[in-house]
Every structure is written in structure tokens, then in C-alpha cells.
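Keep in mind that this is a model prediction, so the values were computed, not measured. We count residues from 1, following the sequence as given.
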Amino acid sequence: MSEVWDDPDYREWEEHVRKVLIPILNDSAATINMVPAGAEPDVKFAVELGLSILMDKPIICLVQPGSRIPAALVRAADEIVEVDIKGDPEGSQRSIKEAFERVVRVHGGPE
């Protein structure tokens, strides 16, 4: 049986992460991610969060009102911003902008 690491789909995904996602994160002052709602883990979110931690990027997590936030995510995040993008897009945008400005003020921009 072949290892998953030898699977062509995995190799293509890994190449995408290395050539696209890592450079994007490297050039970013912080990461801003919508925390997925639901019981099933979101692999894209998990990979981006893990890379953000490993690359020592400030993390801003956006959560929907009333969402349950895992304790470990609370510890990892620099900012957790509750947003209601559909109900209050202007207020949500303002809250995100303010959180980003706070994080950049504390941590600076990309190195």
C-alpha cells in the first residue's frame, strides 16, 4: 500500500501550500481568518492556522455571534472579533480594521 505522502493529489496540494500559501503568509502582517462554524474540522482553516503559528504571524480570528470558540484557539489568537457580516457589514468591517490596526501596532508589519 502506498503512503499518503506519495499520492499525486497530496503532492499537488503540498506544492500549492509551499508555492502559494506560505509566500502569501510570509508577506502578510497578520492573518485574518473566519473561524468555521460546525463540528467537523475545516482542513483549510487548520492548515492556515498552523502555518500562522509556525511562522509567528499575529492571528485575528473572526467568529459569528454565539459561536463556541475552542480554548486552545483563544490562547493562540491575538484578537478574536465577533462579526455579523450579513447583519452588520459596516460594523463588522470597522471591527476587523480596528483589530488589524491594534495587532500591527503591537507586532509590526511583515519582516
Could you tell me if the side chain of His107 sits less than 4.5 Å from the side chain of Asp78, heavy atoms only?
yes
Kindly list each side-chain donor-acceptor pair under 3.5 angstrom involving residues 30-47, sequence neighbours excluded, with atom names and distances?
{"unit_1": "Thr31", "atom_1": "OG1", "unit_2": "Ser52", "atom_2": "OG", "d": "3.3"}
{"unit_1": "Thr31", "atom_1": "OG1", "unit_2": "Pro58", "atom_2": "O", "d": "3.4"}
{"unit_1": "Asp42", "atom_1": "OD1", "unit_2": "Lys44", "atom_2": "N", "d": "3.1"}
{"unit_1": "Asp42", "atom_1": "OD1", "unit_2": "Phe45", "atom_2": "N", "d": "2.8"}
{"unit_1": "Lys44", "atom_1": "NZ", "unit_2": "Glu48", "atom_2": "OE2", "d": "2.7"}

Derivation of the side-chain contact (heavy atoms from CB on, under 4.5 Å) call for Asn26 and Met55
CA-CA 8 Å; Asn26 198 45; Met55 296 173 72; 3.8 Å; yes
If you count the non-hydrogen atoms of other residues, nucleotides and ligands that lie under 6.0 Å from CD in Gln93, is the total more than 12?
no
Around atom CD of Glu101, are there more than 12 heavy atoms from other residues, nucleotides or ligands closer than 6.0 Å?
yes
Taking all heavy atoms of Leu73 and all of Ile69, pick out the closest pair and write down the distance.
CD2-CG2, 4.1 Å
On a heavy-atom basis, which atom in Lys57 and which in Ser28 lie closest, and how many Å separate them?
NZ-O, 2.7 Å
Can you get from Val83 to Leu49 by hopping between Ile, Leu, Val, Met, Phe, Trp and Tyr side chains that sit under 4.5 Å apart?
no
For Pro65 and Glu82 the tightest heavy-atom approach is CA-CD, 3.5 Å
Do the side chains of Arg18 and Glu14 get close enough for a salt bridge, i.e. N-O under 4.0 angstrom?
yes
If Ile, Leu, Val, Met, Phe, Trp and Tyr residues are connected whenever their side-chain heavy atoms lie under 4.5 Å apart, and connections chain through other members, are Val74 and Ile53 in the same group?
yes
Taking Ile96 as the starting point, is it possible to reach Val106 by hopping between hydrophobic residues whose side chains are less than 4.5 Å apart?
no
Measuring only between side-chain heavy atoms, which start at C-beta, is Val17 closer than 4.5 Å to Trp13?
yes
Between Ile24 and Val104, is there shared hydrophobic-cluster membership here, with clusters defined by ILVMFWY side-chain heavy atoms closer than 4.5 Å?
no
Write down the atom of Asp84, the atom of Ser92, and the distance for their closest heavy-atom approach.
N-OG, 3.0 Å
Qualifying residue, where the test is side-chain contact (heavy atoms from CB on, under 4.5 Å) with Ile80 and the options are Ile59, Val63, Leu62
Val63
dist Glu79:CD -> Ser95:OG (nearest 0.5 Å) comes out at 10.0 Å
